[in-house]
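Okay, structure first, notes after.
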Amino acid sequence: MPELPEVEVIRRGLAPLICHKEFGRPVLLYTGAVRHPAPEKFCQNLAGRRVENLGRAGKYLRLGLDRGELAVHLRMTGRLVYRENADFPDPHLRAVLPFTGGAALFFSDMRKFGGLWLLENREERRQAGLDRLGPDIYEEVGPERFCALIRERRRSRLKPLLLDQHFVAGLGNIYVDESLFRAGIHPGRAAGSLSREEILALYWAVRAVLQEGIDCGGTSARDYRDAFGERGAFQDRLAVYGRRGRPCPRCGAPVTRAVVAGRGTYLCARCQKLEIGSKK
DNA sequence: GCTTACCTGTCG
DNA sequence: CGACAGGTAAGC
């Protein structure tokens, strides 16, 4: 999916366009895109709601409304684009969320994994799982908290741990691989095997990678588009992700692809050692 | 933990 | 045709 930087770029793009605007009645082309409440009630209840603010929690975009909030998760292939008009036929268009006055948010999603939640109270947020997210890695985790969090989970391997949205929220496959590469840490290392220096190196690598991702307008490896339908540029700066066989930018050895935690994982086996001081 | 499932598409 | 794709929940 869009990971934290992509969702943040969308949030920043949309905020000045939709704050204070009022929704009309949504049009659903795929009712499964609405996760809560039932589609009919969703359309009925969103109509007439006004957007008051735009937030983000991990990979969720949260549109604060005059009553409740609209939460959006793009999962793997979701897009949320603001347009005055639907421009060309889009076979993956799943929902149109119009504003009174003409423009609309167009929610597209090839794989149908993404979803929309209209949440009006704490109980509904709880059911949707929004309050089960860990702290937002970009907004809510400083270096000392990161050290403390890592030390609570000594037995976990780093890659699945960093991908676990209940541990910290926002990281996905691309930015985890890039962060571990920059920190020189193997994705299969146990959290408890890291020195304090390594944990801090990882923390600052994560911060730098996320910030550069945001500054580049996100990573359009494939499907990602921003709030204006434009591609990001960070895919051109990736050091290892998706670059099997190409030279490591640090040492020149070919980038390796492995499977860790069931996910395709890119790393430099020379720069990122599994055992400290070992040759392999 | 790992595997499977959810979907549709691209690439080799 | 199989492998793989930015995510995550559910079931061993």
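- Put simply, the residue from A:E178, A:K159, A:E3 that forms a side-chain hydrogen bond (donor to acceptor under 3.5 Å, both in side chains) with A:N173 is A:K159.
- The distance between atom CG of A:D223 and atom P of C:dA5, rounded to the nearest whole Å, is 13 Å.
- Ionic pairing of A:R79 and A:D109 is not present here: no N-O contact between side-chain nitrogen and carboxylate oxygen is shorter than 4.0 angstrom.
- Ion pairing of A:E69 with A:R62 is present here, as a side-chain N (NZ or NE/NH1/NH2) and a carboxylate O approach within less than 4.0 Å.
- Checking each of A:W204, A:Y203, A:Y138 against A:F146 for a ring pair (Phe, Tyr, Trp, His ring centres under 6.0 Å) leaves exactly one that passes, namely A:Y203.
- Regarding A:L74, its CG atom lies at a distance of 11 Å from the C1' atom of C:dG7, rounded to whole Å.
- Side-chain N or O atoms of A:R154 include one that pairs as donor or acceptor with a backbone N or O of A:G192 at under 3.5 Å.
- Side-chain heavy atoms closer than 4.5 Å link hydrophobic residues (I, L, V, M, F, W, Y) into clusters, and following such links, possibly through other members, connects A:V7 to A:V141.
- Distance check on atom P: C:dA10 versus B:dC7 gives 15 Å, rounded to whole Å.
- Distances shown here put a side-chain N or O of A:Q165 below 4.0 Å from the OP1 or OP2 atom of C:dT8.
- Within the 4.0 Å cut-off from OP1 or OP2 of C:dA5, at least one side-chain nitrogen or oxygen of A:Y266 is found.
- Between A:Y60 and A:W117, the ring center distance clears the sub-6.0 Å criterion.
- If you check residues 254-263 of chain A against DNA chain B, the residues with a heavy atom closer than 4.0 Å are A:A261, listed by number.
- Nucleic acid contact class of A:T219 (heavy atoms, under 4.0 Å, all strands): base.
- Rounded to a whole Å, the CD atom of A:Q235 is 15 Å from the C1' atom of C:dA5.
- There is no side-chain donor-acceptor pair under 3.5 Å between A:Q127 and A:H36.
- Taking atom CG of A:D164 as the reference point, atom C1' of C:dT8 lies 10 Å away to the nearest angstrom.
- A:Y82 and A:F99 have tilted rings, their planes meeting at an angle from 30° to 60° on a 0 to 90° scale.
- Checking C:dA9, B:dC2, C:dG7 against the side-chain heavy atoms of A:N173 singles out C:dG7 as nearest.
- Across the P atoms, B:dA5 and C:dG2 are found 15 Å apart, a figure rounded to whole Å.
- Distances shown here put a side-chain N or O of A:R157 below 4.0 Å from the OP1 or OP2 atom of B:dC2.
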> After noting the C-alpha distance and the side-chain angles of A:R111 and A:T77, does the key distance pass the side chain to side chain contact (heavy atoms under 4.5 Å, CB included) rule?
Replying inline: CA-CA 6 Å; A:R111 292 177 74 178; A:T77 57; 3.6 Å; yes
>> Expected output check: what is the dot-bracket annotation of DNA chain C, where ( ) and [ ] are pairs inside the strand (brackets for crossing ones), | is paired with another strand, and pairs are Watson-Crick or G-U under 3.5 Å?
In response: |||||.||||||
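- When the C1' atom is compared between B:dC6 and C:dC1, the two are found 22 Å apart, to the nearest whole Å.
- To the nearest angstrom, C1' of B:dG1 lies 16 Å from NZ of A:K159.
- Among the protein residues, A:F167 comes within range of no part of the nucleic acid, since none of its heavy atoms lies under 4.0 Å from any strand.
- The existence of a salt bridge linking A:R196 and A:E144 is confirmed by a sub-4.0 Å separation between a basic side-chain nitrogen and an acidic carboxylate oxygen.
- The aromatic ring of A:F113 is not stacked on the base of C:dT8, since the criterion of ring centres less than 5.5 Å apart with planes inclined by under 30° is not met.
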Under 3.5 Å, which N/O atoms of the protein pair with N/O atoms of nucleotides 8-12 of chain B?
unit_1, atom_1, unit_2, atom_2, d
B:dT8, OP1, A:K112, NZ, 2.7

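- Donor-acceptor pairing under 3.5 Å is recorded for the side chains of A:Y175 and A:T219.
- One can place CZ of A:R35 at 10 Å from C1' of C:dT8, the figure rounded to the nearest angstrom.
- Across the protein-nucleic acid pair, A:F107 atom CZ and B:dC7 atom P stand 14 Å apart, rounded to whole Å.
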